[in-house]
Protein chains: 2
Amino acid sequence: MSELDRLVIMKLSNGVEWALHSCVTLSQSREPVPAARLAELHGTPPAYLAKHLQALSRAGIVRSRAGQVGGYELTRPAAQISALEVVRAIDGDGPAYRCTEIRQRGPLAVPAERCERPCAIARAMAAAEDAWADALRRVTIADLAARIDADSEGTAMAAVSRWLAATR
Amino acid sequence: MSELDRLVIMKLSNGVEWALHSCVTLSQSREPVPAARLAELHGTPPAYLAKHLQALSRAGIVRSRAGQVGGYELTRPAAQISALEVVRAIDGDGPAYRCTEIRQRGPLAVPAERCERPCAIARAMAAAEDAWADALRRVTIADLAARIDADSEGTAMAAVSRWLAATR
DNA sequence: TAGAACTCGGATAAAGACTGTCCGAGATCA
DNA sequence: TGATCTCGGACAGTCTTTATCCGAGTTCTA
């Protein structure tokens, strides 16, 4: 691992990237897509990607179908799925900053009855995370698909649809 | 570990909380405060807190003084130190989301020469992190100290100053 | 000026999380 | 009814985080 990567500590699971790309891909298919197909398209370990897709399934973002024509498909239109939902499904929906209430410890401990409100530090950290969540809440899978398509001058999504149809 | 903590994945190092509280405490002292004293006040493991204080020292937020009257002190007025600086010093200054360029892999790989711009997904994630950072950049250590003092009806910071002076 | 005590700093182990993989249960189609 | 394909949860390896210790340097005191 490079020295530059070492500086990255508040890290999101790598699976977040795979899950977002998978959702964009699924938005281009009307039929279920097997996990192995998604893994091949994205160049990721098949079994590990399947694990993350299971998390999306538990979160109600995708639906799984078993059997010969099975696979994963979105449960809702892509315009109704926010990036925040996907990130939280993979990476957990709890706050990144956890206040352990150290103000209630030590020689100057504050009595519990005066700690109804969260600590001022916890409030500031929570406000920052709210800003982060709001930014992701405003972006939908449909938005991401449209932007990726625009970056490729309108060829990327069509190519995905073709590939999915051709390899089934 | 409780089941609730398991849902928290995009986590910040626990030391972020200690570092922020330590900076607030240091803002109330004109003389250096030893790491062991800070650990006692906050009820944290002394050796581990010292490790985080070293990170603050490397980041130029605090200055260390060795010897009998040594300890840590802020290098600047608390109003000139943002919460973001402290968080980045402890938790790393890199982005939480790392794009591994999976668009350049697989059967539909995009040629490298057409990937000058970051992926649309990476752009969305970066925008969210910028919003998070901006929120923390606007809060200074002096702001946090003032809010904590207000929460205690103006008694907390005075108590800290008294305790620091009495135990030296 | 020499000694002693106190401080920081980096190097050193243990625990937990993420990464990666496998095989069994269930469902669909022929 | 059988065979094939799929998902789903259970099973190790590696890495980061947590926690701790002792040595190097500095300051005060005698």
Side-chain angles (χ1 to χ4, degrees), chain A residues 1-19 22 26 31-40 42-59 62-73 90-92 94 96 98 100 167-168, chain B residues 1-3 5-19 22 26 31-40 43-59 62-73 90-92 94 96-98 100 102 167-168:
Chain A
M1 174 167 282
S2 72
E3 187 58 32
L4 196 145
D5 289 340
R6 175 151 304 211
L7 297 175
V8 181
I9 310 289
M10 188 190 91
K11 73 175 174 209
L12 271 62
S13 167
N14 200 319
V16 170
E17 183 184 11
W18 304 350
S22 294
L26 290 178
E31 299 174 1
V33 181
R37 207 65 47 88
L38 287 171
E40 181 189 358
H42 297 116
T44 62
Y48 194 27
L49 177 62
K51 192 175 180 61
H52 290 306
L53 290 172
Q54 291 169 26
L56 293 181
S57 178
R58 278 192 295 269
V62 303
R63 171 184 20 251
S64 65
R65 268 191 71 174
Q68 278 183 324
V69 295
Y72 289 96
E73 59 187 348
I90 301 298
D91 230 51
R98 291 165 295 154
T100 60
T167 56
R168 167 152 287 281
Chain B
M1 172 169 280
S2 73
E3 187 58 31
D5 288 340
R6 175 151 304 212
L7 298 175
V8 181
I9 309 290
M10 188 191 89
K11 72 174 176 211
L12 271 64
S13 167
N14 201 320
V16 169
E17 183 183 11
W18 304 351
S22 293
L26 289 178
E31 300 174 0
V33 181
R37 206 65 47 88
L38 287 171
E40 180 189 358
T44 61
Y48 194 28
L49 176 63
K51 190 173 182 59
H52 290 306
L53 290 172
Q54 290 170 26
L56 293 181
S57 178
R58 279 191 295 268
V62 303
R63 170 182 24 246
S64 65
R65 268 193 70 174
Q68 277 185 324
V69 295
Y72 290 95
E73 60 188 345
I90 301 298
D91 230 51
Y97 178 87
R98 290 163 297 155
T100 60
I102 71 177
T167 55
R168 167 153 288 279

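Letters A, B, ... mirror the listed sequences (proteins, then strands); counts begin at 1.
Set against D/dT20, D/dG8, C/dC18, the side chain of A/Y48 has C/dC18 as its closest nucleotide. Between C/dG9, C/dA11, C/dC8, one nucleotide has an atom nearer to the side chain of B/A35 than all others, and that is C/dC8. When the nucleotides C/dT21, D/dT6, C/dC8 are ranked by their closest atom to the side chain of A/P45, C/dT21 comes out on top. For A/S13, whose side chain is taken as the heavy atoms from C-beta onward, the closest listed nucleotide among D/dG9, C/dT19, D/dT20 is C/dT19.
What you find for A/Y72 and A/L26 is that their closest heavy atoms are O-CD2, 3.3 Å. Heavy atoms only, all atoms of each residue included: B/P34 and B/G70 are closest at CG-O, 3.8 Å. When all heavy atoms of B/R98 and A/E17 are compared, the closest pair comes out as O-OE1, 3.6 Å.
Rounded to a whole Å, the CZ atom of A/R98 is 12 Å from the C1' atom of C/dA17. In this structure, CG of B/L56 is placed 13 Å from P of C/dC8, rounded to the nearest angstrom. A/Y72 places its OH atom 18 Å from the P atom of D/dC5, with the value rounded to the nearest Å. For B/R37 and C/dC8, the CZ to C1' distance is 15 Å, given to the nearest whole Å. Going from atom CZ of A/R58 over to atom C1' of D/dC7 covers 12 Å, rounded to whole Å. Rounded to an integer number of Å, the gap from B/L53 CG to C/dG10 C1' is 15 Å. Summarising the geometry, the separation between CH2 on A/W18 and P on C/dC18 is reported as 14 Å, rounded to the nearest angstrom. The interatomic distance linking A/Q54 (CD) with D/dT6 (C1') rounds to 11 Å, in whole Å.
A search for salt bridge (charged side-chain N to carboxylate O under 4.0 Å, His left out) contacts involving A/E40 returns nothing, not counting sequence neighbours. Scanning for side-chain contact (heavy atoms from CB on, under 4.5 Å) contacts around A/A59 gives A/I61, A/A89, with sequence neighbours left out.
Within the structure, a side-chain polar atom (N or O) of A/S64 is placed less than 4.0 Å from OP1 or OP2 of D/dG8.
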Could you list the donor-acceptor pairs under 3.5 angstrom formed by side chains in residues 42-53 of chain A, with sequence neighbours left out?
{"from": "A/H42", "atom 1": "ND1", "to": "A/L38", "atom 2": "O", "distance (Å)": "2.9"}
{"from": "A/H42", "atom 1": "NE2", "to": "A/T25", "atom 2": "OG1", "distance (Å)": "3.1"}

Polar atom pairs (N or O), protein with nucleotides 21-29 of chain D, under 3.5 Å:
{"from": "D/dC28", "atom 1": "O4'", "to": "B/Q68", "atom 2": "OE1", "distance (Å)": "2.8"}

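Between its two ends, the helix from C/dT1-D/dA30 to C/dA30-D/dT1 turns its axis by 10°, counting five pairs per end and rounding to 10 degrees.
In terms of position on DNA chain D, the residue among A/G71 and A/K51 whose nearest nucleotide sits closer to the 5' end is A/G71.
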